[in-house]
Amino acid sequence: MNRSIGIHDIEIGTTHHVVDLADLAVARGVDPDKFRIGLGQDQMSFPAPDEDIVTMGAAAARALLARTGADGVRTLLFATESGIDQSKSAAVFAHGLLGLGADVRAVELKQACYAGTAALQMALGIVARNPAEHVLIIAADVARYALDSAGEPTQGAASVAMLVSADPALLEIDPVSGVFTADVDDFWRPNDSSTALVDGKLSMSAYIDALLGAWDDLQARGGVTAADIAAFAYHQPFTKMAAKAQRRLAAHLGAELADDDLVAMSTYNRRLGNSYTASLYVALAALIDARADLDGRRVGLFSYGSGSVGELLTARVLPQGGREDRSARVSRMLDARAPLPIAEYERLHALSYPSGTDTETPRTTTGPFRFAGIRGGARQYEHIG
Ligand code: COA
């Protein structure tokens with residue numbers, strides 16, 4: 001008999017600061033409705049100087065492990081495209097901050113926004129091989145584009161921590177998925193650039209190609225059909241992209257797909273902004289937190305990473321408690337962020353800490369971990385509480 005394997009628990013983290021997109025619109029001389037309605041975004045999280053993917057990711061994982069414990073965790077996978085080192089993985093920094101044992105392997109994965117799903121697939125394989133093992137996944141990113149560029153209002157930052165196990169409490173992942181890979185120059189970040197280069201319109205059409213291609217592959221491999229899927233969650237570079245995707249998928253299927261899941265799925269992303277690898281799993285959490293009626297039913301999850309790889313997974317939502325708790329925690333976290341005036345956001349956007357100079361970062365974050373600075377070329381992290 002195939003054992004049930006999937007996501008046992010999920011937790012979201014973000015940054016100390018937030019930028020209101022209405023303020024950004026005024027500063028850029030743009031109608032605020034372009035961002036609010038045209039892109040479907042209200043706010044974007046922004047890191048303090050002593051925050052990065054490691055501090056955000058470890059904070060979400062710490063909150064998750066406080067509930068689940070770390071027993072059985074044998075692997076930590078860290079998905080990101082905002083890497084802080086070309087060699088040492090963000091996973092090893094997080095492993096240290098979380099106090100995991102030396103017998104827990106740690107590695108970082110990259111393929112633009114798709115890497116969180118690559119981590120999930122790897123985790124499912126590890127657990128299928130030994131159901132006693134658990135895998136801790138962290139997906140964390142800071143989405144950065146140049147100031148005053150078309151991509152600027154689609155920045156953001158967030159992390160997701162997920163525990164993958166046999167007999168999960170939250171979501172049972174179906175064994176068959178659909179995959180679509182194509183070599184496209186729609187979005188990339190060269191090694192010498194702190195901001196991404198993007199052909200925005202090409203990335204939107206490449207996203208749709210990947211969605212439809214992954215759907216067709218799912219069907220060709222005997223995956224579940226549209227009639228079995230009660231709602232979809234999508235990767236959301238901006239939430240309007242999910243509405244466009246759902247419309248195109250419905251036309252491809254020749255079926256109606258209800259829009260009420262789009263609203264539910266977008267509530268956290270609208271306020272966090274793009275979080276690259278974390279974005280789809282933030283959407284998944286928002287969807288299941290808002291929709292108790294999905295218990296026992298199937299959802300479709302579409303993951304897209306520019307460059308490009310797309311994957312369509314399906315999963316059964318398990319009847320569970322705790323959704324109100326997570327929803328309240330996320331709301332509290334989002335409300336607690338410190339608003340950044342645009343001039344201060346622009347100053348922080350330009351800030352960088354070159355590895356050749358020893359530096360101490362200003363103490364700003366109120367999260368449990370902070371990036372303390374650079375010593376001898378190496379990044380230093382510390383616990384706050
Ligand atoms: N009120 C309401 N909507 C408005 C508006 C207003 N005053 N002004 C413009 N809009 C709408 C446009 O009609 C458009 O909607 P549509 O796509 O449904 O037609 C939307 O706002 C965006 O406007 P557009 O002119 O296309 O935006 P842009 O060229 O400035 O940039 C992106 C949009 C997404 C291309 C850009 O933000 C980007 O490059 N982002 C990063 C890449 C990315 O996220 N890619 C996604 C796939 S991974």
Side-chain angles (χ1 to χ4, degrees), residues 19 21-22 24-46 79-82 110-117 139 141-158 180-190 193-214 233-251 259 262 265-266 269-270 272-283 301-312 349:
V19 176
L21 290 190
L24 185 67
V26 170
R28 299 292 175 253
V30 170
D31 180 351
D33 280 352
K34 174 174 178 184
F35 298 163
R36 193 173 60 83
I37 300 168
L39 296 175
Q41 291 301 132
D42 297 324
Q43 299 176 324
M44 57 190 194
S45 284
F46 199 86
T80 189
E81 56 178 307
S82 326
K110 178 176 72 183
Q111 174 27 58
C113 306
Y114 169 73
T117 304
D141 269 301
V142 178
R144 280 168 61 87
Y145 302 96
L147 291 181
D148 211 4
S149 66
E152 186 182 28
T154 64
Q155 297 176 113
F180 183 88
T181 297
D183 189 350
V184 187
D185 289 334
D186 62 330
F187 172 110
W188 65 103
R189 182 165 69 82
S193 177
S194 66
T195 53
L197 304 179
V198 60
D199 180 338
K201 301 292 178 197
L202 178 62
S203 74
M204 290 162 71
S205 64
Y207 177 117
I208 298 291
D209 290 347
L211 170 63
L212 305 185
Y234 296 90
H235 168 58
Q236 291 173 85
F238 49 97
T239 69
K240 179 84 167 288
M241 186 69 224
K244 289 173 184 288
Q246 179 123 314
R247 216 164 36 237
R248 289 298 299 274
L249 184 61
D259 275 356
L262 290 177
M265 182 202 56
S266 301
N269 295 70
R270 280 192 79 94
L272 290 164
N274 196 356
S275 56
Y276 293 161
T277 53
S279 164
L280 166 62
Y281 299 96
V282 169
L301 310 176
F302 179 61
S303 177
Y304 175 73
S306 289
S308 66
V309 181
E311 183 158 352
L312 223 164
H349 195 282

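Here the structure is a predicted model, which is why all the values come from computation and not from measurement. One-based numbering, in listed order, for ligands and for the atoms of each.
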Phe187 and Tyr276 aromatic centres sub-6.0 Å: yes
Any N/O of Ser203 closer than 3.5 Å to an N/O of ligand 1? yes
Ligand 1 versus Thr154: contacting region, heavy-atom distance under 4.0 Å: side chain
More than 12 heavy atoms of other residues, nucleotides or ligands under 6.0 Å from CZ of Arg189: yes or no? yes
Minimum-distance pair of heavy atoms, taken over all atoms of Met265 and Ala242: CE-CB, 3.6 Å
Which residue owns the protein heavy atom closest to atom 7 (N) of ligand 1, what's the atom, and how far is it? Asp31 OD2, 2.9 Å
So the atoms of ligand 1 within less than 4.0 Å of a heavy atom of Gly200 turn out to be 35 (C), 39 (O)
In this structure, atom 48 (S) of ligand 1 is nearest to the protein heavy atom Pro237 CG, 3.8 Å
Whether the side chain of Arg270 engages the backbone of Thr239 through a donor-acceptor N/O pair (distance < 3.5 Å, no angle test) should be reported. no
Could you tell me whether the side chain of Tyr234 reaches within less than 4.5 Å of the side chain of Leu211, counting heavy atoms only? yes
Considering the heavy atoms of Phe238, write down every atom of ligand 1 situated less than 4.0 Å from one of them. 34 (C), 44 (O), 46 (C)
Determine whether any protein heavy atom is located less than 4.0 Å from atom 32 (C) of ligand 1. no
Proximal ligand 1 atoms for Val198, defined as those under 4.0 Å from one of its heavy atoms: 42 (C)
Is there a side-chain contact between Asp33 and Arg36 (heavy atoms, below 4.5 Å)? yes
Heavy-atom contacts with Lys240 under 4.0 Å: which atoms of ligand 1 show up? List them by number with element. 15 (O), 16 (P), 18 (O)
Kindly indicate, with the supporting measurements, whether the criterion side-chain contact (heavy atoms from CB on, under 4.5 Å) is fulfilled by Gln41 and Leu272. CA-CA 9 Å; Gln41 291 301 132; Leu272 290 164; over 6 Å; no
Nearest atoms (heavy-atom pairs only) where Ala233 meets Leu280: O-CD1, 3.4 Å
Mind checking whether Phe238 and Phe35 have ring centres under 6.0 Å apart? no
Counting from 1 in the order shown, the ligand 1 atoms closer than 4.0 Å to a non-hydrogen atom of Gly151 are 37 (O), 38 (C), 40 (N)
Run the numbers for me: atoms of ligand 1, each under 4.0 Å from some heavy atom of Lys201, listed by number. 24 (P), 26 (O), 29 (O)
Counting from 1, what ligand 1 atoms have a heavy atom of Lys244 closer than 4.0 Å? 16 (P), 17 (O), 18 (O)
Whether Asp259 side chain and Leu262 backbone form a donor-acceptor pair below 3.5 Å: no
Numbered atoms of ligand 1 (with element) below 4.0 Å of Tyr145, judged on heavy atoms: 41 (C)
Do protein heavy atoms approach atom 37 (O) of ligand 1 to less than 4.0 Å? yes
How long is the gap from OG1 on Thr154 to CG on Leu39, to the nearest 0.5 Å? 7.0 Å
Any protein heavy-atom neighbour for atom 4 (C) of ligand 1 (distance below 4.0 angstrom)? yes
So, taking the atom named CG in Asp141 and the one named OG1 in Thr277, what distance separates them when rounded to the nearest 0.5 Å? 3.5 Å
Nearest-contact summary for atom 23 (O) of ligand 1 - protein heavy atom, Å: Lys34 CE, 3.5 Å
Heavy-atom distance to atom 21 (O) of ligand 1: which of Gly307, Gly38, Gly305 wins? Gly38
Decide whether an N or O pair under 3.5 Å exists between Ala150 and ligand 1. yes
of all protein heavy atoms, closest to atom 2 (C) of ligand 1 is Asp33 O, 3.4 Å
